[in-house]
Amino acid sequence: MLRRFLALILIACAGFSSAIADTLRLGNPGEPETLDPHRYNLRLEETILTDLFLGLTTFDAAGQTVPGAAERWETSADGLRWTFHLRPGLKWSDGTPLTAEDFVYAFRRLLDPRTAASLAYFMYPLANAEAVNAGRLPATALGAVARDAQTLVLTLEKPYPYLPERLLYPTAFPVPSHVIEKVGDDWVKPEHWVSNGAFTLVDWQPQAAVRLKINPHFAATGLEPASVSGVDYLPIASEQNAWNRYRAGEVDAISAFPSSELDAARKEFTRDLRLSPLLSSMYLVFNTRRPPFNDVRVREAVALAIDQKVLVGPVQRAENRASTSFVPALVSEYEPQSMPGAELARDARLERARALLAAAGHDAAQPLTLTLRGFSGSETKRTLLAIAGFLDSIGVEARLQQSELKVHFADLRRGDFDVALAGWFGENNPEHYLSLWASTTGDVNYGAFADPEFDARMSAAAEEADLQRRNALLADAEAVGIANFPVVPLYSVTVRRLVNPRLDGWIDNARDVHPTRFLRLR
Amino acid sequence: MSAALTRVLLTVIAFLAIITLVFLLLRLAPGGPFDGERRLPPDIEANLRAAYHLNEPLPQQYLRYLSALARGDLGPSFRQKDFTVNELVARGLPVSLALGSGALVVALLLGLPLGLVAGMQPGTRLDRGLMGVAGLGIALPAIILGPVAVLVFAVKLDWLPAAGSDSAAHFVLPIVTLALPWVTAIARVLRTSTAETLSLPHIRTAYGKGLPTRRIVLSHVLPLALVPVIAFLGPATAGLLTGSVVVEQVFELPGIGRYFVQAALNRDYTLVMGVTIVYASLLLICNLLADLIVLWLDPRARARVKTRVTTPT
Amino acid sequence: MDTLTRIAAGLLLGVFVFTVAAPLISPWDADHIDWSAIETPPSSTHWFGTDLVGRDLLTRCALAGQTSLTIALTATTLSALNGLFWGAVAGYVGGRADLVMMRIVDVLYGLPFILVVILLVVVFGQNPFLLFAGLGAIFWLDLARIVRAQTLQMRSAAFIDAARLAGASGFWIVRRHVLRNVAGPALAWTTLTLPGVILAESFVSFLGLGVQEPATSWGILIADGVPSIESAPWTLLFPAGLLAISVWSVGIVGDHLRDHLDPLHRSVTQGPGLRHARETQPPKQGNGS
């Protein structure tokens, strides 16, 4: 402790420490809570883990799904059996060969109840996964088997055409069994660290930096290795600080800056500015457990009062995209279904909204009052205030309540809200979004919406192995669901980044993934 | 000596009381440490709770915590899953200490001359002018001064780094921001005690004898006038340490104050408790040391100095 | 009263009048969104400009001032009552009770107070009344010590003995004599505590743990203004200025009150100072220190 203090002073006396020229410094929007791929929870951890590990599938520079540790795979006709062929010569960063057994070990560890992985359900498509995770079946019952060192066979519970995409997440990454068996939970410490990605962990100073350096054994995979020698991920939680540090030349790329500075960035950082629409859906959810939100007329009235275009335009001024469907327009091979009334002019919408409210028994004498909940942050605040303003125009009084992200979503899952702002990010898969309305979904169906017809259509889609037919069935389901207004779709997010123009190989994409191995310093 | 022993004993009791208080307070908090943005199925949440002994009855959790604490073990962090609280404190504390001690030095360097000069001539225009300027220190809180200072000195002038903790330069803005309110406080304490000391009979005698002003101030006034300042250093050091919570938050410095805020917002029970215990023990030790020094310097001052202290935030 | 104190008192009064009067006079409602003027600079229609969703900043600054000052005054008053009661009882009763009560104060001194405020808000939720109580429960320690010391001194004073001989009850004595005599120092202390409470509230609000919209406070306005420090500097400038002026003037006025009302500090104004020391002949029986 004292030695560290002295060391700090010494470093301090030495003045600026000059960073190695080809080590990238990337801003990450917060501090990772863990670097264990099975215990991770956050997008900002996904970013680092994607550099550290290589899953069966992986991202290319443009964020598309491409073969990773598996060079190819076959699917059985019923869509239940997937055979993955690993690349030859795969190695861990300590030189130990990596085999199909390592993947089996990893899947079992993820679903072992003792691991207590909060995202274990990501791999519930695997046969018996849910039962293994609940401790009802032994780990050996899991639908993951190594046929030989190079061949991995995954068996599914039901057809799941989105599997290659699901395997992109750290929950499907292999972990070094030979290290874990020796040092236990300490395997995540830099001194024991072994991984199979383009980079390996050197050091982690909490709230200061996670430092990675190139993994010399990655080149053996035949995939493109990193061209920079290392990368430092700096946790920069406030957008204001990110903006300042980027301008002071302290970081090569940042993940966000205050939306109010967008105009300044356009002028001063024309070549650095990256605006890219993200696969995401921001929405208002109604708590259908609580009257009057169990009344579809009230829900529709609120939905009609909101002007998505004004929200993303003059209010947010952040290039977010107004949306009237729940599934984002960016989801491929899918036709999003707009909410009824979205096509009406503003005045017609308001008139209809007032009529619906009156029919539901709310007028000037008995105005509807509600609490509008949202998470913390200045952009969220703008959004909530504007929504309160929209509601004011149909005589609805909204009180605001902003709370910390984790507390907000915890309360949502407990059903402790009237109307709340929520968001769902990530997958290029309509089911990922629509399953939030299924009555069987549990607590992420925050508003406890239940509609038998919608449920029936979702179950029908779940039996379909063909992606296009499945997505068509899902579009039917969305149309049925949105007509009952379980939510008000608001917008999909546009990520605003600043990226040093000296950095080559940065390709904007809808997932906002930029594996460091594709980045080059000019 | 028994007075000193009593102080030490009381400090230990105070320490235990604080641990208990914070432990109970945190267990009253709504929401658990595992409420994330994504869902946790009940089975998995049960697994997590068991892994951290949260399923045990409260008294048992309390005893478990105390016995671990007695071994110097602050336990695992609920949120920072790859670190123990000990590891986090070991990494964050040097940063906070560097920040706090730097600010203390700056506060003394600026506050002492201001207070001495003002206290030599209380009520004069010079005194009021100096105290008016010193008053600004407390009027510009870190939440305003921090962002403005970064904008001016890091972004526009490019003299200093905007955030981070890699070098001494990174600490300049945080240290000055943290020190300013304490410049005011130290100046106020020394001003008052200097004015008081000047009214003591033997100082007047010294003047009567025609000794040069400089000598009187340095060898007669200052030693006495500094006693309350020394007594004040206890609370001041403690205040600087807790003040660093605000500054670390504003400048995103990786000290334990930042851990505390993040942990409190995330309901990381063990980390919050660990940091609170570290802060409380630093506070108690500072106050104890100040008390003991004052006892040793001037037993009569004891009753008085305690009542003199008004701390800024 | 010297010029500095007069300036400070004037500014303080100005801020006070502004926060109370502005919402009454302003043509804009504090919640009204001017959709055509979102985040616009000061103009003849909006003197302080508008905030992030187009609400009149002048009205919101005043409303925020009401909240901040109410919280500060309520918390400080609670604190003062608490400290007066605790200190007076401990000092008057004395003995074992005094020992125990002052040890409790010692224990609470060891609490890192800003951490405690954050913990209280996190634990008990974002309720302004809890914020009052939380802040009020922490700031009274100094006062309890001051009052106790005064009470102890006074307990042995001749007029208290006289009152007791005349048959007055202990409660009556405390109320009549002790409280009257500590009122001055207590008022000075209260004034000097106000800035601390205002700043604590602003930091808690800055973290997003304070009052909730549409209510507002200076801390909230500052937190909103910081991200727009360059694009809309007025959103930071006005609330920050008001906060700084209030804290500065309260500090100066409090200093003045303490110099005049607190017997421990009276020598500052009544003592000789350097010039007087030089001019005055020392008393002959200066006890040879």
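Only this structure's heavy atoms are used, side chains among them; waters, hydrogens and symmetry mates stay out. Quick note on labels: first sequence line is chain A, next is B, and so on, each numbered from 1.
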Toward chain C, the part of B:Ile285 with a non-hydrogen atom under 4.5 Å: neither

Where on C:Ile222 is there a heavy atom nearer than 4.5 Å to chain B: the side chain, the backbone, both, or neither? side chain

Atom CG in C:Leu243, atom CD1 in B:Ile144: separation rounded to 0.5 Å? 5.0 Å

Residue pair C:Ile229 / B:Val148, side-chain heavy-atom distance below 4.5 Å: yes

How close do C:Ile252 and B:Arg188 get, heavy atom to heavy atom, and via which atoms? N-NH2, 4.2 Å

Examine whether an atom of C:Ser202 lies under 4.5 Å from a heavy atom of chain B, and if so say whether it belongs to the side chain, the backbone or both; otherwise answer neither. both

Determine the minimum heavy-atom distance between B:Ala139 and C:Val247, stating which atoms define it. CA-CG1, 3.8 Å

Applying side-chain contact (heavy atoms from CB on, under 4.5 Å) to B:Leu140 and not counting sequence neighbours gives B:Leu145, C:Ala244

